[in-house]
Amino acid sequence: MTDLYASDVCALARALVGCVVRHGETAGVIVETEAYHESEPACHAYVGRTPRTLTLFGPPGLAYVYRSYGIHAMLNAVAEPDGIGAAALIRALEPIEGIELMRARRGRERIEDLCSGPGKLTQALGIELTHNGGDLRDGPVTISAGERRLEVVSSTRVGITRATELPWRFSVPGSRFVSRR
DNA sequence: CATGGGATTGACT
DNA sequence: GTCAATCCCATGC
């Protein structure tokens, strides 16, 4: 895992599928990710270093958490060597621990509704903007190797308006826990 | 200092 | 299918 973070952001995004995100009592297996790199305009780091994007340019293995649409927190794993702005967005999880707590935080019962989207999973795991800049190897939010080997397919990213042609979305085919529209 | 947009979600027609 | 919620911060005057 440690070496993976420093590698190419697409390789990291693909490798993260099947890994386990944990925060406190809650945890889930990653089933969907997307890669973002400073060289393409969909990435926040495209505009260069700003107060908001500082974490993206930091050392690999950090959590980059930002607020989207004024409402939702988004969890990313910073990739590539220190000084390069890139990160893998965690888009969906299969819930495995703390499911009752997730239900309470989400106000939903169906297990498919708990973590099937980037804004949903941060709410379910209780991840906030204060976790921005934290180390994913030390916590409080951690990512660790999973036990299962999952099939992974790539496709185009969703919810963006620029660089929409890049096949930088990675997901488990047929999983009922991926985000859907 | 004012403004506008966004890697989304859920409620509603 | 449409649309509002809501806030950080990048950008421009």
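Computed from a prediction, not measured in an experiment: that's the story for all the values here. Note on naming: letters A, B, ... go to the chains in the order of the sequence lines (proteins, then strands), and numbering restarts at 1 for each one.
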Passing candidate, side-chain contact (heavy atoms from CB on, under 4.5 Å) with Phe170(A), options Leu16(A), Val31(A), Val152(A), Leu12(A) = Val152(A)
[X] [atom1] to [N] [atom2], straight-line distance once rounded to whole Å:
| X | N | atom1 | atom2 | answer |
| --- | --- | --- | --- | --- |
| Met74(A) | dG5(B) | CE | P | 18 Å |
| Gln123(A) | dT9(B) | CD | C1' | 9 Å |
| Arg106(A) | dT9(B) | CZ | P | 8 Å |
| Lys120(A) | dT8(B) | NZ | C1' | 9 Å |
| Ile160(A) | dG6(B) | CD1 | P | 12 Å |
| Phe170(A) | dA7(B) | CZ | P | 18 Å |
| Arg157(A) | dG6(B) | CZ | P | 15 Å |
| Leu114(A) | dT9(B) | CG | P | 13 Å |

If you measure from SG on Cys10(A) to CD on Glu34(A), what distance do you get to the nearest 0.5 Å?
-> 11.0 Å
So SG of Cys19(A) and CZ of Arg148(A): to nearest 0.5 Å the spacing works out to 12.0 Å
Side chains of [X] and [Y]: is there a donor and an acceptor less than 3.5 Å apart?
| X | Y | result |
| --- | --- | --- |
| Arg91(A) | Thr33(A) | no |
| Glu94(A) | Ser175(A) | no |
| Arg105(A) | Gln123(A) | no |
| Arg22(A) | Thr142(A) | no |

Any stems for DNA chain C, made of 3 or more Watson-Crick or G-U pairs in a row, each with both distances under 3.5 Å?
-> B:1-6 with C:7-12, B:8-12 with C:1-5
Could you walk me through whether Glu109(A) and Arg103(A) pass side-chain contact (heavy atoms from CB on, under 4.5 Å), step by step?
-> CA-CA 6 Å; Glu109(A) 284 302 310; Arg103(A) 285 192 169 118; 3.4 Å; yes
For residues 59-77 of chain A, please give each side-chain donor-acceptor pair under 3.5 Å, one per line with the distance, not counting sequence neighbours.
from	atom 1	to	atom 2	distance (Å)
Tyr64(A)	OH	His44(A)	ND1	2.8
Arg67(A)	NH1	Ile71(A)	O	2.8
Asn76(A)	ND2	Tyr64(A)	O	3.2

Interface residues of residues 91-98 of chain A with DNA chain B (non-hydrogen, below 4.0 angstrom) | Arg91(A)
Interface with DNA chain B, restricted to residues 22-40 of chain A and to heavy atoms under 4.0 Å | Tyr36(A)
Glu165(A), CD atom: more than 12 neighbouring heavy atoms under 6.0 Å | yes
Nucleotide by nucleotide, 5' to 3', does protein get under 4.0 Å of the base (B), only the sugar-phosphate (S), or neither (-) in nucleotides 6-13 of chain C, counting heavy atoms?
-> BBSSSS--
If you link ILVMFWY side chains whenever their heavy atoms are less than 4.5 Å apart, which other residues fall into the same cluster as Trp168(A)? By chain and number, please.
-> Leu166(A)
How would you label the contact of Arg108(A) with the nucleic acid (heavy atoms, under 4.0 Å): base, sugar-phosphate, or nothing?
-> sugar-phosphate
Between His23(A) and Leu125(A), is there a donor-acceptor pair closer than 3.5 Å when you use the side chain of the first and the backbone of the second?
-> yes
Spell out, as yes or no, whether a donor-acceptor pair under 3.5 Å connects the side chain of Thr53(A) to the backbone of Leu56(A).
-> no
Ranking Val158(A) and Asp113(A) by the position along DNA chain B of their nearest nucleotide, the one closer to 5' is Val158(A)
Determine the Euclidean distance between corresponding P atoms of dG5(B) and dC3(C); express it in Å to zero decimal places.
-> 16 Å
Note: Glu40(A)-Arg157(A) ion pair, threshold 4.0 Å (strictly below) | yes
